[in-house]
2 protein chains.
Amino acid sequence: MSKKIKILLVDDEPDILEFMEYNLIKEGYDVILGKNGKEAVDLARLEKPDLIILDIMMPVMDGIEACRQIRNTPGLKDVLIAFLTARNEDYSQIAGFDVGADDYIGKPIKPRVMLSRIKALLRRLNGVHSEVTTKIGGIEIDREKYLAFRDGNAISFPRKEFELLALLTSKPGKVFTRDDILARVWGNDVVVGDRTIDVHIRKIREKLGDESIKTVKGIGYKFDI
Amino acid sequence: MSKKIKILLVDDEPDILEFMEYNLIKEGYDVILGKNGKEAVDLARLEKPDLIILDIMMPVMDGIEACRQIRNTPGLKDVLIAFLTARNEDYSQIAGFDVGADDYIGKPIKPRVMLSRIKALLRRLNGVHSEVTTKIGGIEIDREKYLAFRDGNAISFPRKEFELLALLTSKPGKVFTRDDILARVWGNDVVVGDRTIDVHIRKIREKLGDESIKTVKGIGYKFDI
DNA sequence: ACCCGTGCTTAACAATTTCATAACATAGTG
DNA sequence: CACTATGTTATGAAATTGTTAAGCACGGGT
């Protein structure tokens, strides 16, 4: 996958946490756990997850209030938030949509339903997300076609190479550290050897046929004209 | 001049039906009427409207269930569905979200509000699926006839194959991920094995007899000339 | 009700592509 | 110059997709 998707999961019942964590990790998501609303807010600010799943009923701070505070955090206004609710809870209390929830997931939780719902939500996110194409210094990156173009000629890349290139070109001139690159192209907990990034960089350079990817020794790489 | 837009309107109160029908027809829409959820499903399948407006509370089958069934009908996965809801029905809103509604129109209905909402919805539709036929690289897809044509010769496909082809050709060049494809051709809650998509792709390729469907390894498939 | 054909899914296996690594070369830095 | 970070290359493992055939479910017709 491109950058691994990070999900913050908050519930006060360890069983549910464990159950959902298991299913989410199995799908390849990056999962962070919290056990009350207070933690939810702190972790959200710290980790900037892509999606937050909040139980409504929790000690210390309930999900509604947590949601409100998260939404009031700069940079987290557009995070996806879904509520967990028991079927028989009083829906009027779950006026969750008033505080800006994006979806709700009913208990008891069925793994398949939950996962498909999450995928649907994340798909919505993708639609809004960054620009589909970037044009910079004679080459154009089309994230939808998974192709780069130079003078109208398509250059195709295998997945990792493309994602690496897409990352670098997403902010031309910015230096991405190796850790950055590892986290965002490979995923947070993936461990790969020292030379892996270099090899991919090399192949991209070869295909692009120019010097647009610069090495910043001791730091990382950047895409620059 | 495009085809007239077809709206299926379902409510059990004749007054509301008449009132809305009047306003919609005045705007030049093609209106079909139903008076309960059962009729909604039947008419939706029969008429393939562009937009369905469902009351939540209805005899025989409520709007929620009708929506669910419509969404599970092949070929109607992407139909626009809007719910009619009385102001204070929190429950409706939440449950409606659950089954994939696109919008809510509150009662009491104000004609102008309703019409602008409907136009906004249909604008969304235009981006994606408006054209009945697509012509691309020697082949033509007719979504109404469920047929593809190459040099005037019809090629017929079973439903799944056709929908898959229709999806890919809806945006030539764009890579559709496997998850995308699963969600939009098979449906959100359907779980099928790993090789199912491949098998369908293979059959389509066989029938098209060319290389227009490309594999993007690790991502998905695209239709490209 | 029964049969038949079609469409859909699966499973097993083959073919292919991509990826990570190791070993070594080179360049940059103080 | 010594040391460290990066470049290069070939190679095998791993991941992904292709292919085929078989079985099941469903609908239409008799």
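Here the structure is a predicted model, which means the values were calculated and not measured. Order of the sequence lines sets the chain letters (A, B, ...), proteins ahead of strands, with each chain counted from 1.
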Let me check the geometry of the helix from C:dA1-D:dT30 to C:dG30-D:dC1. What is the bend angle between the axes at its two ends, five pairs each, to 10°?
40°
Which nucleotide in C:dC8, D:dT8, C:dC19 has an atom nearest any side-chain atom of A:Arg202:
D:dT8
Interatomic distance, B:Asp194 CG vs D:dT17 C1' [rounded to whole Å]:
10 Å
Does A:Tyr221 have its ring centroid less than 6.0 Å away from the ring centroid of A:Phe176?
no
Send over the distance from A:Lys214 NZ to D:dT6 C1', rounded to a whole Å.
17 Å
Which atom names give the shortest non-hydrogen contact between A:Leu51 and A:Ala82, and what distance separates them?
CD1-N, 4.4 Å
How many Å lie between CD1 on A:Ile219 and C1' on D:dT4, as a whole number?
14 Å
To the nearest Å, give me how far apart NZ (B:Lys160) and P (C:dT10) are.
11 Å
Closest non-hydrogen atoms of B:Lys214 and B:Asp224, given as atom of the first, atom of the second and distance, are NZ-O, 3.0 Å
Comparing A:Glu206 with A:Gly220, nearest DNA chain D nucleotide closer to 5' gives the residue A:Gly220
Any side-chain N or O of B:Arg195 less than 4.0 Å from the OP1 or OP2 oxygen of C:dC13?
no
Separation between NE2 of A:His200 and CZ of A:Arg159, rounded to the nearest 0.5 Å:
10.5 Å
Side chain of A:Val199, heavy atoms from C-beta onward: which of D:dT19, C:dT21, D:dT6 has the nearest atom to it?
C:dT21
Return the 5'-most residue of the pair A:Phe157, B:Ile197 with respect to DNA chain C, ranking by each residue's nearest nucleotide.
B:Ile197
Should the pair B:Glu211-B:Arg205 be classified as a salt bridge under the 4.0 Å nitrogen-to-oxygen rule?
no
Please report the distance, rounded to the nearest Å, between CG in A:Asp198 and C1' in C:dA27.
13 Å
With side chain to side chain contact (heavy atoms under 4.5 Å, CB included) as the test, would you mind laying out the steps for B:Leu165 and B:Phe223 before giving the verdict?
CA-CA 8 Å; B:Leu165 177 60; B:Phe223 187 97; 4.2 Å; yes
Can you confirm whether the side chains of A:Asp179 and A:Thr177 place a donor and an acceptor under 3.5 Å from each other?
no
For C:dC19, does OP1 or OP2 lie under 4.0 Å from any side-chain N or O of A:Trp186?
no
Step by step, work out the side chain to side chain contact (heavy atoms under 4.5 Å, CB included) result for A:Thr133 and A:Ile141.
CA-CA 5 Å; A:Thr133 69; A:Ile141 312 296; over 6 Å; no
Return the value, rounded to whole Å, for the distance between atom CD1 of B:Ile213 and atom C1' of D:dT17.
14 Å
Between B:Leu182 (CG) and C:dT9 (C1'), how many Å, whole number?
13 Å
Which nucleotide in the list C:dG7, C:dA20, D:dG7 gets nearest to the side chain of A:Tyr221?
D:dG7
It should be established whether A:His200 places a side-chain nitrogen or oxygen under 4.0 Å from OP1 or OP2 of nucleotide C:dT18.
no
Would you mind classifying the nucleic acid contact of A:Thr215 as base, sugar-phosphate or nothing, using non-hydrogen atoms under 4.0 angstrom?
sugar-phosphate
Ignoring hydrogens and angles, answer whether the base of C:dT16 and the side-chain atoms of B:Lys217 contain a donor-acceptor pair closer than 3.5 Å.
yes
Where the side chain of A:Lys203 is defined as all heavy atoms beyond and including C-beta, which of C:dC19, D:dT8, C:dG7 is the nearest nucleotide?
C:dC19
Spacing between A:Ile201 atom CD1 and D:dT9 atom P, to the nearest angstrom:
16 Å
DNA chain D contacts made by residues 168-179 of chain A, counting heavy atoms under 4.0 Å:
A:Arg178
A:Thr134 pairs by side-chain hydrogen bond (donor to acceptor under 3.5 Å, both in side chains) with which of A:Lys171, A:Arg143, A:Glu140?
A:Arg143
Who pairs with A:Leu182 by side-chain contact (heavy atoms from CB on, under 4.5 Å), at least two apart in sequence or on another chain?
A:Trp186, A:Val192, A:Ile197
